[in-house]
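Naming convention: chains lettered A, B, ... in sequence-line order (proteins, then strands); numbering from 1 in each chain.
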Amino acid sequence: MANNTSVRVRFAPSPTGYLHIGGARTALFNWLYARHTGGQFILRIEDTDAARNTQEAVDVILNGLRWLGLDWDEGPASHDATGPSKGTHGPYFQSQRSDIYRRRVQELKDKGFAYEQDGAVKFRMQREPIVIPDLVVGDVRRELTDREQEDPDFVIIRSDGQPVFHFVNVVDDLEMGITHVIRGEDHLTNTAKHIALFQAFGVEPPQYAHIPLILNPDGTKMSKRDTGASLATYQGGYFAPEAVVNYLCLLGWSPKDNREVMPVREVVERFDLPQILRHNARFDMTKLQWLNHEYLRTLPAERYDAVTAGFLKRSSIDASGFDTAYISAALATFRDKAKQLSEDPGVARFYFSDAIAYDPEAVKKDFVPDNKPRLGKLRDAFAQVEPFKADALQAALTKTAGELGVKAGVLVHPTRLACTGRTVGPSLYHLLEVLGKERVLQRIDAALAQIK
RNA sequence: GACCCUAUCGUCUAGCGGUUAGGACACCGCCCUUUCACGGCGGCGGCACGGGUUCGAGUCCCGUUAGGGUCGCCA
């Protein structure tokens, strides 16, 4: 950070068709560090494995990063490997950098660091232990494993001519002027190879910061199939990207002052490498949901509407016949009840369908003969309310209850059941206001017809 | 098998030689309340184990155990 040179960090995913939550967190930490230091965040697509690379797979990565709000200063400008890009260190797709790799292999051969064997090219690895200076873990002295003792050299170009990860990764970091490599701890021991490669090129290696991994709740490695492992899980509705970003910041990094709900702007200010934790963290969906609810409650109206649009789609509620103001007002009544929405998306259906399915248990309790005249009287009172606003509706209900000599709750419950079919939901008076007089009276009439 | 990293409530974490070991999520009570939720108050619950060093160890050292990672013509 106190360097003269500007920080250049990168996220270098392989297009596999999905974006792992751990990968998203790695991208986030790199982005945070770049933004904190005023440096550059570079996106590089490691698509050397041509067989499984598709534009759709690239889209998943680009869209995932955009959804999270992680903008890159250099990198692809489209999902097309041969398409336009931002930045002067391109191409940013490895599949387009063959000439560079060819040149660099020749350089190693010329220097005596590489040789051919069985049609492949191998790197002459040193046998002495290599010290990996890591900004998170400290100095790590890496010795050869017994397996490596037998043959410390490793392949950098496959016999089919394709360069391997260790090689292209180093060459690209070198060519792109990367100053800090922030990546998962699963790369820590392999970093010895990378340092040896940098040294062979006669270049000072970048600084390394290996961040802990994200594990399943049971402590096992989180892989593709595990719950919550794919970022796509959060993009489909329910989750505000702000909440996901906030949660990810807190996995493996701590502001050290017990703060938890922190807008990313503030994290950018305070984020730094020394505060990164050294131990792996388990993924806790419950806590993410809590954070999500915190955000849903306080998000600006526009953002709230955007996120809740996902709720509707996900719960297959058809709101096409309703104008945006109505939809917005309806969902706003769930602002501080996001938990209901995420646990049971159907709770919002009554706003968009007149086919009310009454909760059978509640019917037994609330649609009883005694309540018929009461509900009828309330209906008449509501019919007089103009304008049809929450405050006035509450006053009308309270007044009616008084005249009837019953507590407000006696009227509240049957009314809620009549209008929503449920026993839980938003504030009664506010939901009535949104529904509007016509729908409310019609629904109460329908309920009255049900009661014997 | 070898090499590397890690170890505080169930989970995420604060702690950087002297603390009644703090906070958050979850859970359980009570309060608030037209439901649910929010909020408030309280409760449950932790320094993996064994040796050192020290007047004193969650904090430092060593070992054990456990978890994770790596050793590929995958990335």
Handout entry: Opposite nucleotide pairing with B/C25, Watson-Crick or G-U, both atom distances under 3.5 Å
Key = B/G10
Problem - Any strand: nucleotide that pairs with B/G45 via Watson-Crick or wobble, under 3.5 Å - result: none
N or O in side chain of [X] less than 4.0 angstrom from [N] OP1/OP2:
X	N	value
A/Arg158	B/A75	yes
A/Thr286	B/A26	no
A/Lys256	B/A14	yes
A/Thr220	B/G68	no

Nearest whole angstrom, please: distance from the [atom2] of [N] to the [atom1] of [X].
X	N	atom1	atom2	answer
A/Asn280	B/C5	CG	P	14 Å
A/Glu46	B/C74	CD	P	15 Å
A/His194	B/C71	NE2	P	10 Å
A/Glu294	B/C25	CD	C1'	10 Å
A/Asn258	B/G15	CG	P	9 Å
A/Asp134	B/C5	CG	P	10 Å
A/Ile195	B/C3	CD1	P	19 Å
A/Leu277	B/C5	CG	C1'	14 Å

Problem - Upstream residue (5' side of RNA chain B) when A/Ser427 and A/Phe283 are each assigned their closest nucleotide - result: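 It is A/Phe283 whose nearest nucleotide is closer to the 5' end.
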Problem - Which residue lies more 5' along RNA chain B, comparing A/Val424 with A/Asp146 via nearest heavy atoms - result: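 Its nucleotide being nearer the 5' end, the pick is A/Asp146.
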Exercise for the section: Please report the C-alpha distance between A/Glu116 and A/Lys122 in whole Å, then the side-chain angles of each, then the deciding distance to 0.1 Å, and finally whether the salt bridge (Lys or Arg N to Asp or Glu O under 4.0 Å) criterion is met. Expected result: CA-CA 6 Å; A/Glu116 296 203 20; A/Lys122 296 181 77 174; over 6 Å; no
Choose from [options] the nucleotide whose nearest atom is closest to any side-chain atom of [X].
X	options	result
A/His279	B/A75, B/A7, B/U34	B/A7
A/Asn190	B/G72, B/A24, B/U70	B/U70
A/Trp290	B/G15, B/U34, B/A26	B/A26
A/Arg147	B/C3, B/C71, B/U35	B/C71

Problem - Ionic contact status for A/Arg142 with A/Glu148, cut-off 4.0 Å - result: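 Judged by the 4.0 Å cut-off on N to carboxylate O distance, A/Glu148 and A/Arg142 do form a salt bridge.
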Handout entry: Short N-O contact, A/Glu74 and A/Arg44, less than 4.0 angstrom
Key =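 So A/Glu74 does not pair with A/Arg44 through a salt bridge.
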Problem - No-H, no-angle donor-acceptor pair, A/Glu148 side chain to B/C71 base, under 3.5 Å - result: no
Practice task
For residues A/His187 and A/His210, establish whether the separation of their ring centroids is below 6.0 Å.
Solution key: no
Exercise for the section: Verify the ring-centre separation between A/Phe41 and A/Tyr33: is it less than 6.0 angstrom? Expected result: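 Centroid distance A/Tyr33-A/Phe41: not below 6.0 Å, so no.
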